[in-house]
Participant: 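Here's a structure for you.
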Amino acid sequence: MEEVSSNQLNEAQYKAVHHRGGPLLVLAGAGSGKTRVITERIGALVERDVPEDAITAVTFTNKAAREMRERLEKRLGEDKVKRLRICTFHALGLMIIREHAKLVGRRARMSIFAVPEQKSAMRSVLADLKLPTDGDQVDRVLQKVSMLKSGMSQAQDNAITVIADKYDALLQKMNAVDFDDCIVLPLRILTDDAEARALWQSRCRHFLVDEYQDSSRMQYDFVRLLAPGNANLTVVGDDDQSIYGWRGAEIKNLFQLERDYPTLEVIKLEENYRSTGSILQGSNSLIAHNSERLGKTLRSNLGLGKKIRVWQAETADEEAERVTAEIRAQRAGNKLGWDDFCVLYRASFRARAFEMAMREAGVPYHVSGGMSFFDRAEIQDLLAYLKLVGNFSDDLALMRAISRPRRGIGSKALEVLGQFAHEKQCSLLEAALEDDFTHSKAHVLRAFAKMLVDIEHVFLHGEADDAFDMLLDESGLEEAIRTEAEDEDEAERRMGNIMSLRRWWLRHSESGGDLSSFLQHVYLAADEQDDEPDGQVRLMTVHAAKGLEFSHVFVVGMEAGTFPHKNALEENRLEEERRLMYVAMTRARHRLTLSFAKSQKKFGQVEKMGPSPFLKEIDADVLNWVDKDSGSEEDKAESKAEVDAHMAAMREMLGLD
DNA sequence: AACGACATAGTTTTT
DNA sequence: CTATGTCGTT
């Protein structure tokens, strides 16, 4: 994905790729060929006959892991790459938990609780304690519990500690783990159990960590346990691109490395192969306002190129229309594809205006993130069944599954069943199977439970497609979808989603995976279903854009209060917002446009907005403020900018500056 | 038990 | 303006 002007590695890249053993820190600026260095390094290790099983590379996103894998497949072939451990932090953590489940009170085939499940679990904990259970309260408590679990905050609040313990106990009872557990539990396993530690250290004899600036303290502890002392640890990161502080990422980890690894070698990659000189100069001048830096200046390998445009619009709708029109014009004029364009915004609600404008103009677009495949009701329903088949202890999955399709079981009956299960110390599903469970709906519950036992049998011993089809049929899910849909089209669409999950499952099953590993994969790799949309303009948040690059980038919503976001300012995170802006700008290869709307609709009310202070921090020499309705002036300004740029390049070449 | 009508409160970023 | 939660009705 990153374009590299030459196939040869530059000196710094070469040193990083061929570094022989011992801890290594690669400080890699935006567009400096970071991914290439990691993949080439792994390739070199394999070609040096390091066993694949001794190599582990962790990333923060599935996208990054997938890309690394794809690149290596080209170089090493599928067989070798299959044996390499290339995955996200969370997936690695889950592998460890699965292998040593007993040590943390779990059984194999555990469920993963993503946000909706976490909420339900927390809601039931709060209800038990007679505390308020409105969504707001649940969110707040969950966040505090998460902070406590991941060591970000000390236990100052006793109530939270009690809640956290109850919540953890509930998850354990349901044989489930949440996202935090994927890091916390392995940490416990590796700390407490010397044998497990030795095993995983041997699997991480060559340990590589990507996007290290986004690691939390726990993740760093995790790294140190897996790669202690003088290990062959390679971490790659960029202090200027640390944008997950709100999720516990600590740039400090980058500085701390030198203390924890005295033999650490540091290599800086400062050659940028991506952006034009103006874009880089603008980005550099912005980030120079930060004080919390290691200090690094990117050098461009391309010409100065065009100036960074700044646009102002009256309203957000007008902004969207203007950007859309410009994309159409540029594409036509420069024989570019739709996917050479990207619109970036600070907050996802900004996407809406662009979606409407592009739909109106017939511009094909794709919104990354947002309503995902997994948020659809039919997928959630199906996943509930699958989870229950895979883990009978998952009471939450049972509650969802049993109410779709409707079986006349509601909160009343479930409460009685829950009471009974509590007395018997078993799961809801097991309770329903007990002969001495009596209730007016007992036969319905029992039939439901028996059906799941039958389905499980086929999943364990039968063919993957038979099992899936049996589930669809016997559960009544397919029928429910077909009868409840408004029209034929909707039914087809929903069944299409079901079928695409089916294909995914078959593919997984063919490569030897079971239901439980399928579900874990699905839950940790939610973005993977988003098939890379070719030939569409990409709309996404700045966070989602990290690691990507586009020929033409529009950073929209450049208003004071939205970017930098005012909540972030209140929380003292101006520098992080600036890094975010830096990430946004450095996505662009040839053309960067920053735009803002002078007014915004908020809850139906119109509010005046001012330009982002970041606009003043960017070197004015590379900015070109372009007014609306002045296309010709824009051209003039552009050509003047080009002349200026050309002159500057000449001066530089002659060494006159 | 399930659905629909109302009120109400709230817009950051996500593995 | 909208998504979510609460309440009252079938």
Side-chain angles (χ1 to χ4, degrees), chain A residues 58-65 87-94 112-116 118-119 123 132-139 142-143 146 150 177-184 210-211 214-216 218-219 222 242-249 316 344-353 368-372 374-375 402-416 440-441 444 484 520-521 523-528 540-546 557 561-571 573 576-577 579-581 583-584 600-607:
Chain A
V58 295
T59 60
F60 279 82
T61 62
N62 297 295
K63 211 193 292 167
C87 58
T88 63
F89 253 109
H90 287 79
L92 178 65
L94 197 65
I112 294 185
F113 280 8
V115 179
Q118 284 183 285
K119 284 188 186 179
R123 179 160 297 184
T133 59
D134 56 291
D136 219 39
Q137 208 43 237
V138 171
D139 288 352
L142 260 179
Q143 205 197 333
S146 166
S150 51
V177 297
D178 66 15
F179 284 133
D180 292 325
D181 290 333
C182 290
I183 308 297
V184 176
D210 191 17
E211 304 278 19
D214 290 327
S215 66
S216 66
M218 287 242 143
Q219 284 165 330
F222 194 19
S242 171
I243 56 175
Y244 286 101
W246 51 274
R247 211 176 64 191
L344 298 179
Y345 34 80
R346 173 68 244 261
S348 49
F349 74 94
R350 273 273 176 164
R352 182 162 284 169
S368 303
M371 171 91 160
S372 94
F374 295 96
D375 297 333
I402 206 161
S403 58
R404 260 153 273 226
R406 306 208 169 88
R407 294 179 169 84
I409 303 291
S411 50
K412 265 287 182 30
L414 282 175
E415 205 172 299
V416 177
S440 60
K441 299 279 174 56
V444 180
E484 282 171 25
Q520 292 173 0
H521 183 71
Y523 270 79
L524 287 182
D527 64 344
E528 232 168 78
M540 66 184 95
T541 64
V542 182
H543 281 89
K546 193 165 71 158
T562 56
F563 204 177
H565 197 277
K566 72 173 181 6
N567 292 359
L569 294 185
E570 279 163 22
E571 289 160 40
R573 293 209 320 267
E576 179 156 312
E577 292 290 299
R579 289 192 291 270
L580 197 51
M581 181 66 199
V583 168
Q600 221 184 124
K601 262 198 218 133
K602 238 179 192 174
F603 317 134
Q605 225 95 78
V606 179
E607 198 178 305

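Quick caveat, the model's predicted, so the values are computed rather than measured. Chain naming here is simple, since letters A, B, ... match the order of the sequence lines and numbering starts at 1 in each.
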Participant: Taking only the C1' atom of each, what is the distance from B/dT12 to C/dG5 in whole angstrom?
Facilitator: 23 Å
Participant: Write down the protein N/O and nucleotide N/O pairs, taken from nucleotides 12-14 of chain B, whose separation is under 3.5 Å; answer none if there are no such pairs.
Facilitator:
from	atom 1	to	atom 2	distance (Å)
B/dT12	O2	A/Arg346	NH1	3.0
B/dT12	O2	A/Arg346	NH2	2.4
B/dT12	O4	A/Glu571	OE2	3.0
B/dT13	OP1	A/Ser348	N	2.6
B/dT13	OP1	A/Ser348	OG	2.5
B/dT13	O4'	A/Arg346	NH2	3.3
B/dT13	O2	A/Trp246	NE1	3.0
B/dT13	O2	A/Arg346	NH2	2.8
B/dT14	OP1	A/Thr541	OG1	3.1

Participant: Should the heavy atoms of other residues, nucleotides or ligands under 6.0 Å from CZ of A/Arg407 be counted, would the total exceed 12?
Facilitator: yes
Participant: Tell me the interatomic distance from A/Gln219, atom CD, to B/dT15, atom P, rounded to whole angstroms.
Facilitator: 12 Å
Participant: At 4.0 Å (heavy atoms only), tell me whether A/Arg350 reaches a base, stays on the sugar-phosphate, or touches nothing.
Facilitator: nothing
Participant: A/Phe113: what forms a ring pair (Phe, Tyr, Trp, His ring centres under 6.0 Å) with it, not counting sequence neighbours?
Facilitator: none
Participant: Could you work out, with salt bridge (charged side-chain N to carboxylate O under 4.0 Å, His left out) as the rule, every residue matching A/Asp180, not counting sequence neighbours?
Facilitator: none
Participant: Quick one: label A/Phe179 by what it contacts on the DNA or RNA (base, sugar-phosphate, nothing), any heavy atom closer than 4.0 Å.
Facilitator: base
Participant: Tell me: CG of A/Asp181 to P of B/dT15, nearest whole Å?
Facilitator: 18 Å
Participant: How long is the line joining CG of A/Asp139 and P of C/dG5, in whole Å?
Facilitator: 9 Å
Participant: Expressed as a whole number of angstroms, how long is the span from A/Asp210:CG to B/dT15:C1'?
Facilitator: 14 Å
Participant: Quick check: on DNA chain B, is the nucleotide nearest A/Thr88 upstream (toward 5') of the one nearest A/Arg407, or the reverse? Name the residue that is more 5'.
Facilitator: A/Arg407
Participant: Residues two or more places apart in sequence or in another chain: which of them pass salt bridge (charged side-chain N to carboxylate O under 4.0 Å, His left out) with A/Arg350?
Facilitator: A/Glu319, A/Glu559
Participant: Tell me, please, which residues at least two apart from A/His543 pass ring pair (Phe, Tyr, Trp, His ring centres under 6.0 Å).
Facilitator: A/Tyr244, A/Trp246
Participant: On DNA chain B, check which nucleotide each of A/Leu414 and A/His90 is closest to and give me the residue with the more 5' one.
Facilitator: A/Leu414
Participant: Suppose we screen for ring pair (Phe, Tyr, Trp, His ring centres under 6.0 Å). Which residues come up paired with A/Tyr345, at least two apart in sequence or across chains?
Facilitator: none
